[in-house]
Amino acid sequence: MDYIVVNGEIVKKPETGFTPFLWEEPFVISQKMWFGFGGIPLFHENLDNIKLTLKTLNFDIPVLLNDESELFRITKRMLNKNRFFRSGIITCLIFIGKTETNTIFSSVGFTDFDFPFIKQGLIVDFSEFVKFTGNPLNRFGFFNVPLWTTAASKNRESIHNNSIFLNEKGIVSDCISANIYMIRGKVLYTPAIETGCYTDNLRSCILEIAPKINLKISESDSIENADVIRMNEIFLASEEHGIQWILGVGTKRFVHHYSVKIHELLNDYLKQKVK
């Protein structure tokens with residue numbers, strides 16, 4: 001095959017500028033990780049997650065991913081060459097083709113030093129799309145991307161900035177590209193793994209630091225949409241988007257008190273991780 005159609009024009013394959021391994025129609029796995037405070041705080045945890053994804057799908061792990069010290073060195077060098085000296089996001093892409101696997105690390109820089117905190121509150125709704133608890137792939141980002149993309153597309157037709165997913169039992173599971181945390185009184189509630197929620201490395205960090213501000217942790221498999229409305233405070237968290245506090249669900253409005261404190265503790269936690 002010498003010629004293909006690109007955006008309505010017939011061109012020669014070598015003239016497209018496409019990376020050659022893309023012609024193998026590869027399966028793609030991606031992972032976002034935040035960098036800042038002079039390091040990549042959850043670098044090794046993210047690599048572990050990538051390896052677990054590959055093992056779960058019965059794919060071979062690229063040699064470079066097993067040499068974590070070298071991969072960390074060249075990733076840091078990439079950030080320095082890009083002059084990203086504050087903070088930002090690193091994206092790891094694994095392209096698994098028919099004959100070979102290729103790995104790409106790219107990055108985008110932010111102007112702030114701290115882990116992101118989105119000051120403008122989100123308006124969210126309950127998604128019409130349902131998650132199913134029985135699928136063991138729910139925890140992985142790549143499996144959730146089609147659902148997230150579809151839900152986000154629907155939101156563009158409304159005032160909503162994100163959506164809360166319920167599972168087939170009507171229980172809260174997670175949100176688009178993030179885990180959800182809800183506070184009532186002195187208890188921080190978050191969906192248990194059994195709800196079919198997506199789980200990233202930041203989840204364990206937040207569950208570890210929340211007790212430092214006297215919050216009791218409840219990983220629950222029984223939070224219904226009516227329970228969400230009765231909460232005092234709700235926020236989302238992910239390495240890709242930072243801490244996002246929810247202003248409202250429907251007509252209900254929420255405060256943002258503990259989420260600010262958790263953000264402060266999280267920054268301290270991540271600073272310690274790079275020392």
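Annotation for M231: hydrophobic cluster partners, listed by chain and number, are L122, V124, F126, I164, L166, V172, I180, M182, V187, Y189, I223, V228, I229, I234, L236, I246, V249, F254 (ILVMFWY side-chain heavy atoms under 4.5 Å, direct or chained). Other members of the cluster containing I193 do not exist, because no ILVMFWY side chain is joined to it at under 4.5 Å. Residues near F85 contribute nothing to a hydrophobic cluster around it, because no ILVMFWY side-chain heavy atom sits closer than 4.5 Å to its side chain. I171 belongs to no multi-residue hydrophobic cluster, having no ILVMFWY side-chain contact under 4.5 Å with any other such residue.
The backbone N or O of G38 lies less than 3.5 Å from a partner atom in the side chain of K76, making a donor-acceptor pair. Remark: the backbone N or O of N138 is paired with a side-chain donor or acceptor of N144 at under 3.5 angstrom.
Using a cut-off of 4.0 Å between Lys/Arg side-chain N and Asp/Glu carboxylate O, E194 and K169 are scored as not salt-bridged. Note on R203 versus D200: no salt bridge recorded, every NZ/NE/NH1/NH2 to OD/OE distance being 4.0 Å or above.
Proximity of E70 to R73: side-chain heavy atoms (C-beta onward) are separated by under 4.5 Å at one or more points.
Heavy atoms only, all atoms of each residue included: N267 and F115 are closest at OD1-N, 2.9 Å.
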Identify all side-chain donor-acceptor contacts of residues 40-50 below 3.5 Å with residues at least two apart in sequence or on another chain.
| residue | atom | partner | partner atom | Å |
| --- | --- | --- | --- | --- |
| H44 | ND1 | E68 | OE1 | 2.5 |
| E45 | OE2 | K273 | NZ | 2.5 |
| N46 | OD1 | Q31 | NE2 | 2.7 |
| N46 | OD1 | N201 | ND2 | 3.0 |
| N46 | ND2 | L42 | O | 2.8 |
| N46 | ND2 | E239 | OE2 | 3.0 |
| N49 | ND2 | Q31 | OE1 | 3.0 |

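A donor-acceptor contact closer than 3.5 angstrom links the side chains of D125 and S163.
Pairs engaging residues 242-258 under the side-chain hydrogen bond (donor to acceptor under 3.5 Å, both in side chains) rule: K186-Y258, H257-K261 [sequence neighbours left out].
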